Amino acid sequence: MARPLIVITGASSGIGAATARLLSAQGHPLLLLARRLEKLEELALPNALCRKVDVTDRRAVEDAVREAEKRFGPADAIVNNAGVMLLGRIADQPADEWDRMIDLNVKGVLYGTRAVLPGMLARGTGTIINVSSIAGRKTFANHAAYVATKFAVHALSENLREEVAAAGVRVVTIAPGAVETELLSHTSDEQIKDDYEAWKKSAGGALDSQVVAEAIAYAYRQPQSVTIREIVLAATGQEA
């Protein structure tokens, strides 16, 4: 292939789908992972291997990466984008929602990273891009458990960057503010969802997924000797 393989998790919608379309247009073969295979296939991208994979299944992630590398060559980057935002108050939020966020938002990033990192270290090149959130830098009402997972992604990313920098591998954290995606729809508390939508409206709306995809592509296309450690972006009207 003229350009190297990139792995994208959570590629069926939102930021993941927008990133897949953009990187495909730039000539990259892709491994697209999500639980909704039909949504991946609807993207109809050339040189894209689509696999129904839950990123909390470490073996399934690794198997998919090995399959893609056999077809397209070594993975030069992974965009760890899969995640879930379940808003609630610690006193009454269902505890299984905490488990789901920790498994997907934290363990999923670890599993995706492990699937590609040994090969990157052996080759002395590669890029890990972790999609976190502005909620990985500051707190928000009704976000406590979600914020905890995104602070974890920020800390993991920075510690990993220090760990692999001397080997020539880059680690980038992307921290968007509110984005127009399906994330909010998974929250079970209807009042919290209504309040969040009102907050977005008061800020003049949220970011389009394409804007975040362009930030990801910008960080990736820098020379391998340059690491953009973190990009924080939000709608201009978002005060918090």
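Reckoned from all heavy atoms, side chains included, excluding hydrogens, waters and symmetry mates. Every value quoted in this text rests on a predicted model; they were computed, and no experiment measured them. In this chain, numbering begins with 1 at the start of the sequence shown.
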Salt-bridge test for Glu97 and Arg100: reply yes if a basic N is under 4.0 Å from a carboxylate O, no otherwise. no

Can you check whether Asn47 reaches Leu30 side chain to side chain, under 4.5 Å on heavy atoms? no

4.5 Å side-chain heavy-atom contact, Thr127 and Val169: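 No; the side chains remain at least 4.5 Å from each other.
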
Summary of side-chain hydrogen bond (donor to acceptor under 3.5 Å, both in side chains) pairs that have at least one residue in residues 55-64, sequence neighbours excluded: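 Residue pairs with at least one partner in residues 55-64: Asp54-Thr56.
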
Keeping to residues at least two apart or across chains, list the side-chain hydrogen bond (donor to acceptor under 3.5 Å, both in side chains) pairs with something in residues 113-123. Asn80-Thr113

Is the side chain of Thr9 donor-acceptor paired with the backbone N or O of Ala82 at a distance under 3.5 Å, no angle test?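 Judged by distance alone, yes, a pair lies under 3.5 Å.
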
Check whether any side-chain N or O of Gln238 sits under 3.5 Å from a backbone N or O of Ala178 as a donor-acceptor pair, and report yes or no.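 Looks like yes, one N/O pair under 3.5 Å.
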
Please collect all salt bridge (charged side-chain N to carboxylate O under 4.0 Å, His left out) contacts where either partner lies in residues 152-166, sequence neighbours excluded, each pair once. Glu158-Arg161

If a pair satisfies salt bridge (charged side-chain N to carboxylate O under 4.0 Å, His left out) and one of its residues is in residues 128-148, list it, with sequence neighbours excluded.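 Found Arg137-Glu230.
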
With ring-ring contact (aromatic ring centres under 6.0 Å, His included) as the rule and sequence neighbours excluded, what pairs involving residues 202-240 come up? His28-Tyr220

Go through the structure and list residues passing side chain to side chain contact (heavy atoms under 4.5 Å, CB included) with Ile90, not counting sequence neighbours.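 So Ile90 forms a side chain to side chain contact (heavy atoms under 4.5 Å, CB included) with Trp98, Ala144, Ala145.
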
To the nearest 0.5 Å, tell me how far Tyr146 OH sits from Met85 CE.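 If we round to the nearest 0.5 Å, Tyr146:OH and Met85:CE are 6.0 Å apart.
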
